[in-house]
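Atom set for the values below is all heavy atoms of this structure, side chains included, hydrogens, waters and symmetry mates excluded.
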Amino acid sequence: MPAKDIFHEVVKTALQKDGWQITHDPYNLQAGSLELYIDLGAEKVLAAQKDGQKIAVEIKSFIGPSKISQFYTALGQFISYRAALEIQEVDRILYLAVPNNVYDSFFTTGFIRSLVQQNQIHLIIYNTEQEAIAQWQM
């Protein structure tokens, strides 16, 4: 099983504060003979809806020396995980969780923003100090 991101518990707490029930920690996927692990699986039951929403969340801190290198890794993971989810559990939406300071300084640049849009990456922007979700982007 892979190591947890430094902000794993922060994002988990933030999702719970936002009304999500953590159902998987980690969320295990089978992709043929490969075993994949997304950081979290969560569900939220909506009063206006018969069935609840289901998400999977890959958490990234981007604290290393090269944000672009970490982004390439995160993008590859996201695309692979999404493809596996489409086979195993099509109604679960995959999100990439990133800290708000990294979002503000890196994800808003033109090139990265265009890659996020082209690859249809859903984002959860989280505040590490408040342990809260700052923004959802689809």
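The number of heavy atoms from other shown groups lying within 6.0 Å of CD (Glu9) is above 12. Counting heavy-atom neighbours within 6.0 Å of Glu35 CD, excluding the residue itself, gives a total above 12. Counting non-hydrogen atoms of other residues, nucleotides and ligands closer than 6.0 Å to CD1 of Ile6 gives a total of 12 or fewer. No more than 12 heavy atoms of other residues, nucleotides or ligands shown are found within 6.0 angstrom of CD on Gln130.
No continuous path of hydrophobic side-chain contacts links Ile87 to Leu34 [ILVMFWY only; heavy atoms under 4.5 Å]. Linking ILVMFWY side-chain heavy atoms closer than 4.5 Å, directly or via other members, places Val11 and Trp20 in a single hydrophobic cluster. Following chains of ILVMFWY side-chain contacts shorter than 4.5 Å, one can reach Leu40 starting from Tyr95, so the two form part of one hydrophobic cluster. Note on Ile22 and Leu94: separate hydrophobic clusters, where clusters join Ile, Leu, Val, Met, Phe, Trp and Tyr whose side-chain heavy atoms are under 4.5 Å apart, directly or indirectly. Follow the hydrophobic side-chain contacts under 4.5 Å out from Phe78 and you never reach Val90; the two are in separate clusters.
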(request) Decide side-chain contact (heavy atoms from CB on, under 4.5 Å) for His8 and Asp25; before the verdict, give the C-alpha distance in whole Å, the side-chain angles of both, and the deciding distance to 0.1 Å. (result) CA-CA 10 Å; His8 183 92; Asp25 184 3; 2.8 Å; yes
(message) Please determine whether side-chain contact (heavy atoms from CB on, under 4.5 Å) holds for the pair Val57 and Asp39, giving the CA-CA distance in whole Å, both sets of side-chain angles, and the decisive distance to 0.1 Å.
(response) CA-CA 6 Å; Val57 182; Asp39 291 317; 5.8 Å; no
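In this structure, Ile112 and Ile68 have side chains that are in contact, with non-hydrogen atoms separated by less than 4.5 Å. Considering only heavy atoms from C-beta on, His122 stays 4.5 Å or farther from Trp136 through its side chain. Looking at heavy atoms from C-beta onward, Ile133 lies out of side-chain contact with Ile125 at the 4.5 angstrom threshold. Under the 4.5 Å side-chain criterion, counting only non-hydrogen atoms from C-beta, Glu89 is not in contact with Leu29. The side-chain heavy atoms of Leu96 and Val116, taken from C-beta on, include no pair separated by under 4.5 Å.
Under a 3.5 Å cut-off, the side chain of Tyr27 and the backbone N or O of Leu36 do not form any donor-acceptor pair. Put simply, the side chain of Arg92 never gets that close to the backbone of Gly41: no donor and acceptor are under 3.5 Å apart. Without hydrogens or angle criteria, Thr109 side chain to Ser105 main chain gives no donor-acceptor distance under 3.5 Å.
To the nearest 0.5 Å, atoms CD (Gln135) and CD1 (Ile124) are separated by 11.5 Å. Atom CG of residue Leu85 and atom CG of residue Asp91 lie 9.5 Å apart, to the nearest 0.5 angstrom. If you take CG on Leu115 and CG on Leu75, they are separated by 6.5 Å, rounding to the nearest 0.5 Å. For the atom pair Gln77 CD and Lys60 NZ, the distance stands at 3.5 Å (nearest 0.5 Å).
Partner Phe62 forms a ring-ring contact (aromatic ring centres under 6.0 Å, His included) with one of Phe107, Phe71, Tyr126, Phe7 and no other, that one being Phe107. Each of Lys67, Gln70, Arg113 was evaluated against Phe106; a single residue qualifies, Lys67, per the side-chain contact (heavy atoms from CB on, under 4.5 Å) test.
Across all non-hydrogen atoms, the minimal contact from Ser61 to Pro99 is O-CG, 3.5 Å.
Legend: residues meeting side chain to side chain donor-acceptor pair (under 3.5 Å) with Gln137, ordered by chain and number and at least two apart, are Tyr103.
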